[in-house]
Amino acid sequence: MPAERIRDLQSEKLTSQVRHVYDHVPYYRSLMDQKGVRPEDIRGIKDIGKLPFLSKEDLRETYPYGMLAVPLSDCVRIQSTSGTTGKRVIAYYTQHDVDLWEECCARAIVAAGGSREDVVQVCYGYGLFTGGPGLNGGSHKVGSLTLPMSSGNTDRQIQFMMDLKATILCCTPSYASYIGESLKESGYKPEDNFLKAGIFGAEPWTEEMRRDIERLLGIKAYDIYGLTETSGPGVAFECAAQNGMHINEDHFYAEIIDPATGEPLPDGEKGELVFTSLDKEAFPLLRYRTRDICVLTREKCSCGRTHVRMSKPMGRSDDMMIIRGVNVFPSQIEAVLLKEGYAPNYLIEVDRVNNSDTLDVYVELLPEQFTDTVGGITAMEKKLAGAIRTMLGIGPIVHLVAPKSIKRSEGKAVRVIDKRKLHD
Ligand code: DLL
């Protein structure tokens, strides 16, 4: 669709979406009222800047049902983010919303060369995480044979991949790399498998990692982006040009803003990505601040698609990290330390070794916790690591260190050392 027609379509959808949200979500209505903006003031995309922003804090405030825009009985599904302590986001879907989401994922699969002739192996996690269900639904829509593997059990992944001749692999880039290494260790060469493409996302990855994975698996590796708040994966995806991800603009309107001032920035400038879902029914967020830092471009793409492209996320405007595909806030780790009776003197160290994330948490003992039996310390470390694993869903290595041994900062405490070079 030519760009002008897309804009007309977006304007049409936005005006009715704003009315829908205003009429059914009292929380957003009061935000609009506070800003002095009424649904009739929004006549099209040109007016979108008049609307208030939403952020994770608003979702926390309204947990669990406050953002719902339809009766609960119209909803058929929820999905949710990892993490607890009020950071968990619950997304609701009507059947229409599920269809729309799966359609977006189907487009990603087709853009990666998928068709009904393909065998799509989905090893994103199934369950509350959106990765598995999203790509699973997209693959069904395309008519491909879908292998609902979920993540883990790599030996079984490899067995199915080889026996059923999987042609498209969907998982996080770290897991793709791990599968590639495991194939190699099992004696397979890249040309031995039947894969032609991979659709990888949910965490930052570099061009270098792309080349590694492509070489290891003998495939073309495509990026896919999304977040639970907007449905899940499929908000944007790469085409054969592998030069930015096309945003499904007929369903999601994208803006780039200055994260400090909230001012909109022109195409080509780096800033925070903001999404408005134009036709979701149950959980239709308007001007949702993703905290992902990106650049948008409307330059013509060689694939012929006219949808705007986003760069790979280049960082975050908050302190969220993605470790082994799981969203982690330092405050979640701190909450566990306090609950387990430790002082909040800690350091989180994240690294990426052989394309796989490592998480080490250094925690100071209180003087009264100090014990000189090695066994005692090891048991305490194990217990704390278990409590953090329960909170995050991924396990750290905990190092209990002597009281006052973690360097104090004179300004803002430095809690995180991220040694991964995630952005090119
Ligand atoms: O990660 C949805 C998803 C599943 C996307 C499968 C792609 C594939 P959340 O758990 O809510 O949703 O995490 C969303 O992950 O704000 C980004 O910071 C990050 N993220 C997602 N895709 C990419 C990507 C899913 N391709 C958060 N590159 C987002 C870099 C990504 N970061």
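Counting convention: from 1, in listed order, for ligands and their atoms alike.
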Any N or O on [X] sitting closer than 3.5 Å to an N or O of ligand 1?
X    : result
W205 : no
R316 : yes
I224 : yes

Where's the contact between [X] and ligand 1, heavy-atom distance under 4.0 Å: side chain, backbone, both or neither?
X    : answer
I322 : side chain
K312 : neither
N327 : side chain
P313 : side chain

Which ligand 1 atoms are under 4.0 Å away from a heavy-atom of [X]?
X    : value
P204 : 30 (C), 32 (N)
D223 : 24 (C), 26 (N)
G131 : 4 (C), 6 (C)
T130 : 2 (C)
T81  : 11 (O)

**Results of salt bridge (charged side-chain N to carboxylate O under 4.0 Å, His left out) for R309 - residues two or more places apart only** = none
Just checking, is any N or O donor in the side chain of [X] or [Y] under 3.5 Å from an acceptor N or O on the other one?
X    : Y    : answer
T81  : R88  : no
E214 : Q242 : yes
Q10  : Y253 : no

**Request:** State the SG-NZ distance between C104 and K141, to the nearest 0.5 angstrom.
**Result:**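 One finds 10.0 Å between SG of C104 and NZ of K141.
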**Request:** Output the distance between atom CZ (F283) and atom OH (Y288), rounded to the nearest 0.5 Å.
**Result:** 7.5 Å
**Prompt:** Sequence neighbours excluded, which residues qualify as side chain to side chain contact (heavy atoms under 4.5 Å, CB included) partners of N136?
**Reply:**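 Checked N136 against side chain to side chain contact (heavy atoms under 4.5 Å, CB included); matches are Y126, H140, T146, P148.
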**Request:** Measure from atom 16 (O) of ligand 1 to every heavy atom in L227, L422, D292 and give the option owning the shortest one.
**Result:** D292
**Message:** If you take the nearest heavy atom of each of A202, G226, A236, G234, which one is closest to atom 14 (C) of ligand 1?
**Reply:** G226
**Asked** Does the cation-pi check pass for R415 over Y346, that is, NZ or CZ under 6.0 Å from the six-membered ring centre and within 45° of its axis?
**Response**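 Yes, R415 sits over the ring of Y346.
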**Request:** Might you point out which heavy atoms bring I293 and S317 nearest each other, and give the distance in Å?
**Result:**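 Closest pair (atom of I293, atom of S317, distance): CD1-CB, 3.9 Å.
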